[in-house]
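First the structure, in the form of structure tokens, and then the observations on it.
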Amino acid sequence: TQKLNTVAKSAGKTYFGTATDNSELSDSAYIAILNDGTMFGQITPANSMKWDATEPSRGSFTFTQGDQIANLAKSNGQLLRGHNCVWYNQLPSWVSSGGFNAATLSSIVTTHCSTVVGHYKGQTYAWDVINEPFNDDGTWRTDVFYNTLNTSYVPLALNAARTADPATKLYINDYNVEYAGAKSTALQNLVKSLKSAGTPLDGVGLQYHMISGSMPGGLASNIQAFTSLGVEVAITELDIRMTLPPTAAKYAQQKTDYQTVISACKSVTGCIGITIWDWTDKYSWVPSTFSGQGAACPWDATYLKKPAFDGIVAGLG
Ligand code: G3I
């Protein structure tokens, strides 16, 4: 049987990985597959390094859950992706409704990023320092960070992360930037302006939460548009959902769609790795968010490989 990380490395990529979550780690059948470093050479905690988990009240940091994932990566010989430092969502209310002035919020952002990235110093391959800063039309998301600090929170967080762990790769991660359009252009412009200002930035994460049968064209050229700015690209949260229930025809379409995404990454040297947003439908975030949609992962809820698995292998081949 083919092992995805092994195949990805043969294709010149750094890793093939998956998201996971603490609540899943007591499932022994799940853990047996997750722990196979030849299948998954990298893991991302889906929730436990986010702001609400790590700094639920100001200055009070908790790393128990995040450490569980970091230690798992270590014992499995897997790379670890930190996720994430600054995001409008899963933000504790003491931040989101804080009413802080710019100086105070700047200090809060700096302290948060320094402390969290610093805690995992030497343990991560990369960090999603900035998560989802843009609206779909390419304007800035008017969250508490932008409303209080304008765009200055971005270099603030990146600089804090670089100081806290000079070796980890610093990323901006977003969705609906996988194809050409206003949002992708906005992210490219941000990369350009950060680079020209000398702000530390190593990579762009393209999330790739996609819909089967509606795959946009031009994926490789969009990836190339980022790598030509001097950053690496990672596919950070790949899943491809469908309307339930699945049928053989829908699985065949999904296989094609996985192959399309993976081969786009394969074709661009600077697209360094791929992470799926959990490997089994049993624990996918999709059905609870998109009613009637699901079956987005390459393994089904009983841990059987779907045709999508072969699509990934074919895309890397
Ligand atoms: O921890 C509580 C638990 O105590 C409670 O009993 C339970 C009941 O609802 O909720 C649990 O929290 C949930 C959490 O996942 C942990 O399971 C939240 O309700 C739920 O909203 C949260 O969903 C996460 C989602 O981000 C939140 O935005 C998903 O697991 C996670 O996969 C998803 O990941 C995001 C990426 O971080 C960023 N990109 C999009 C991606 C998909 O939404």
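Residues take their numbers from the sequence shown, with the count starting at 1. We count ligands from 1, going down the list as the structure has it; atoms in each ligand are counted the same way.
- A cation-pi contact, defined as under 6.0 Å to the ring centre and within 45° of the axis, links Lys183 to Tyr175.
- For ligand 1, none of its N or O atoms has an N or O atom of Asn131 under 3.5 Å away.
- Less than 4.0 angstrom separates atom 2 (C) of ligand 1 from none of the non-hydrogen atoms of the protein.
- The His209 neighbourhood of ligand 1 comprises atoms 40 (C), 41 (C), with distances under 4.0 Å to a heavy atom of that residue.
- Shown are Asn159, Ile130, Leu158; of these, the side chain to side chain contact (heavy atoms under 4.5 Å, CB included) with Leu170 is made only by Leu158.
- Counting only heavy atoms of the protein, atom 39 (N) of ligand 1 lies nearest to Glu237 OE1, 2.6 Å.
- Closer than 4.0 Å to atom 12 (O) of ligand 1 lies none of the heavy atoms of the protein.
- Between the side chain of Lys250 and the main chain of Met242, no donor-acceptor pair closer than 3.5 Å is present.
- Polar contact check, Trp285 against ligand 1: no nitrogen or oxygen pair lies under 3.5 Å apart.
- For the residue pair Thr275/Thr236, the side-chain donor-acceptor check at 3.5 Å is not satisfied.
- Counting only heavy atoms of the protein, atom 28 (O) of ligand 1 lies nearest to Asn89 ND2, 3.1 Å.
- Residue-ligand proximity: Tyr175 is placed with every non-hydrogen atom at 4.0 Å or more from ligand 1.
- Judged by the 6.0 Å and 45° rule, Arg81 forms a cation-pi pair with Tyr171.
- At least one N/O-N/O distance between Lys50 and ligand 1 falls below 3.5 Å.
- The closest donor-acceptor contact from the side chain of Thr104 to the backbone of Phe100 lies at 3.5 Å or more, if one exists at all.
- The protein non-hydrogen atom at the shortest distance from atom 32 (O) of ligand 1 is Trp277 NE1, 2.9 Å.
- Here the heavy atom of the protein found nearest to atom 20 (C) of ligand 1 is Gln90 NE2, 4.9 Å.
- Within a 4.0 Å radius of atom 41 (C) of ligand 1, the protein contributes at least one heavy atom.
- Within 6.0 Å of atom NZ in Lys9, 12 or fewer heavy atoms from other residues, nucleotides or ligands are found, so the atom counts as exposed in its surroundings.
- Atom 18 (C) of ligand 1 is not flagged as protein-proximal [any protein heavy atom, distance under 4.0 Å].
- Both the sub-6.0 Å distance and the 45° axial angle are satisfied by Arg241 relative to the ring of Phe290.
- Counting protein heavy atoms under 4.0 angstrom from atom 7 (C) of ligand 1 gives zero.
- Under the 4.0 Å distance rule, the nearest protein heavy atom to atom 37 (O) of ligand 1 falls inside the cut-off.
- Near Gln207, the atoms of ligand 1 lying under 4.0 angstrom from a non-hydrogen atom of the residue are 39 (N), 40 (C).
- When only modelled atom types and interatomic distance are considered, Glu132 and Asn173 share no side-chain donor-acceptor pair under 3.5 Å.
- No side-chain N or O of Tyr208 forms a donor-acceptor pair with one of Asn176 less than 3.5 Å apart.
- Regarding atom 30 (O) of ligand 1, its nearest protein heavy-atom neighbour is Asn47 ND2, 2.9 Å.
- Counting heavy-atom neighbours within 6.0 Å of Lys121 NZ, excluding the residue itself, gives a total of 12 or less.
- The Glu132 neighbourhood of ligand 1 comprises atoms 38 (C), 39 (N), 40 (C), with distances under 4.0 Å to a heavy atom of that residue.
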